Amino acid sequence: MRASAVTSRSTDAARFLVVGLTGRNLVALVSLDGRGRETGRRSVARDVLADVLGGAGSGETTAPRIVWGDTARWYRDILARGRRVERCHDLRLCHAILAAAAHRPGGVPFAPAAAWSVASHVPLEGAPDALFEIDDAPGSVPQGIDDALAEFARQLDALSMPGAGGLRRLVAAESAGALIGAEMTAAGLPWDAVAHDGILRTVLGPRPPAGGVPSMQAALGARVRELLGDPAVSLDSQPKLLRALHRAGVPVQSTGRWELREHRHPAIEPLIEYKKLARLASANGWAWLDEWVHDGRFRPAYVPGGVVTGRWASSGGGALQIPRSLRPAVRADEGWLLVCADVAQLEPRVLAAMAGDRAMADAARGADLYAGIVERGAVTTRDEAKVAMLGAMYGATSGESGRLVPRLRRVFPHAMALVDAAAATGERGGVVTTWWGRTSPPPSHEWRALQSHAHSADADPAEEAIARRAARDRGRFTRNFVVQGTAAEWALVWLADLRARLRLLTAAPGTPSASASGPAFAHVPHLVFWLHDEVIVHTPEALAEPVAGAVREAAASAGRLLFGDFPIDFPLDLRVSRTAGKG
DNA sequence: AGTTCGTTACTC
DNA sequence: CCGTGAGTAACGAACT
């Protein structure tokens, strides 16, 4: 707040601070009270926005909630300048939630605006200025202050409806997630390139010249070709490999590992091993390391709300599919530690709480829900319990899983009734919602047309069968949506609550700096990874214990916030260590 | 030469 | 009587 403040009225009582452009380099900050009425307005130059938003008072709970079009676009530059924002309202993400919720019968009154129904696209690299060069380009969110004010007013209207309490919590959690996603990209996942290289050398052999095949992969490949009696065949071409297998007397229909395993041929075991090495080299080999790890950090782009169920997606480096064998390459800086935690069996626990199923909650008491299911006599082994539970939530109808589901239905009738009802709604073409009101997408026009034709007089049996299958597919989707989506809500709250707790922890003077984490995080514990039901915090050694406590407290707090005093546990598997690998 | 599709494999 | 959900990404093949 320097000479750049053009006009100024009081913003002290502001509940919200709406941010939007009024010119290429001028940002308007409009203060609103709790009912959305304007109480002040000023303009600042873009290059001081970080200091204004992340300046004095931002760490207090009375600080206004920042309202902006797209967190991913506004926040990166602020973080790069070493500033953070306490809480926000992301208009783009909240638009998506409200637009979907408007589809449900008796849902919120909200007419989606096309301009806001877009994905975020932020250039991964490049000058900060590039962020705003594409203002109002097709496919990006409006950045102007008037657009933001108008959209926020519409959202406040919808959210003020009686019964929208869940949605109000959901949009707050979603917005917190947007901040966290941007912060994790800025801080980066501490990645030890030397450890990664060591793993690759152990498995693949020394690094080959660019484009070359690693020696151990090449040797395996030669052996497979010899055993197949086809010294020139390409193992990397699916059709060619399939033909070679047929010639060698292996009657498979695919080259997938699961089908190969069912046949006996000397070439099969080394072939499966070859495919494993080829996969590692191609997906997470030296080329990946060169492209994605810089200065000891892996910085994927997270896409909060990128999956319809509310789970996050990611882009760049395949952040959500890092093979477990590379976990040991995730390594804290000198003088720092990693606190890694994951929730055991999150989804079935969430289902028990949603359904108010006391029997299932009893089975979930303790660390292993599957053991609890066995104790209650639904099935006889832990493996059966697991397969049956997954089948119940995913909609298995066949195989061992499908066979076991009915036994679960007898012991946990309330939980099963909830997922069965969700499936039935989906098959009928309806929409379903999560605990806080995230709403599934409606069926496509093609799906509706298929169903209505199949129910007309001139449908032939083949068409009816196709339509039935499509209906079942959709039923499985909605069945899973309510559980996966509510689990995502729980996890989002866990994460947001944890972030708030971490902000209360400060390192003692003299703590080594995690300088590669950037100016906003070099001296404080910070989130560096999150994947559905697990979290990793990078922390100065001296704060590891308080951080571990915060992780546990946040999980308990999330359970209470969603499900009140319903007696459901969310036990954590928590490790404090230098690396994220086992042990 | 560039784009799309199918297959495969990794994560939860 | 089939058919357990959600993703990202690499590769080759087939298309334009």
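Keep in mind that this is a model prediction, so the values were computed, not measured. Letters A, B, ... are given to chains in the order of the sequence lines, protein chains preceding strands, and every chain is numbered from 1. Values below: all heavy atoms of this structure, side chains included; hydrogens, waters and symmetry mates excluded.
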Indicate for each nucleotide in nucleotides 11-16 of chain C, in 5' to 3' sequence, whether protein heavy atoms under 4.0 Å reach the base (B), only the sugar-phosphate (S), or nothing (-). SSS---
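Here the closest heavy-atom approach between residue A:Ala470 and residue A:Leu450 is recorded as CB-CD2, 3.8 Å. Between A:Gln345 and A:Asp368, the shortest heavy-atom contact is NE2-OD1, 3.2 Å.
Protein atom CH2 of A:Trp288 is 17 Å distant from nucleotide atom C1' of B:dA9, rounded to whole Å. Between the CG atom of A:Leu346 and the P atom of C:dA6 there is a distance of 18 Å, rounded to whole Å. If you take OH of A:Tyr302 and C1' of B:dT11, they are 13 Å apart, rounded to a whole angstrom. Counting to the nearest Å, the C1' atom of C:dG7 and the NE2 atom of A:His532 are 7 Å from each other. If you measure from atom CD1 of A:Ile322 to atom P of C:dA9, you get 10 Å, rounded to the nearest angstrom.
The P atoms of C:dG3 and B:dT7 are separated by 15 Å, rounded to the nearest whole Å.
For the OP1/OP2 pair of C:dG5 and a distance below 4.0 Å, the side-chain nitrogens and oxygens of A:Arg476 include at least one atom meeting the criterion. At B:dT8, one or more side-chain N or O atoms of A:Thr255 fall inside 4.0 Å of OP1 or OP2 (strictly under the cut-off).
One distance of note links CD of A:Glu489 with CG of A:Leu561; it measures 10.5 Å at 0.5 Å rounding.
Remark: the backbone N or O of A:Glu534 is not paired with any side-chain donor or acceptor of A:Asp342 at under 3.5 angstrom. Checked by atom type and distance alone, the side chain of A:Arg479 never pairs as donor or acceptor with a backbone atom of A:Ala422 at under 3.5 Å.
Among the nucleotides C:dA6, B:dT8, C:dT8, the one closest to the side chain of A:Ala313 is C:dT8. Among the nucleotides C:dT4, C:dG3, C:dT8, the one closest to any side-chain atom of A:Gln321 is C:dT8.
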Mind running side-chain hydrogen bond (donor to acceptor under 3.5 Å, both in side chains) on A:Ser117 and A:His95 for me, showing each step along the way? CA-CA 7 Å; A:Ser117 301; A:His95 182 98; 3.1 Å; yes
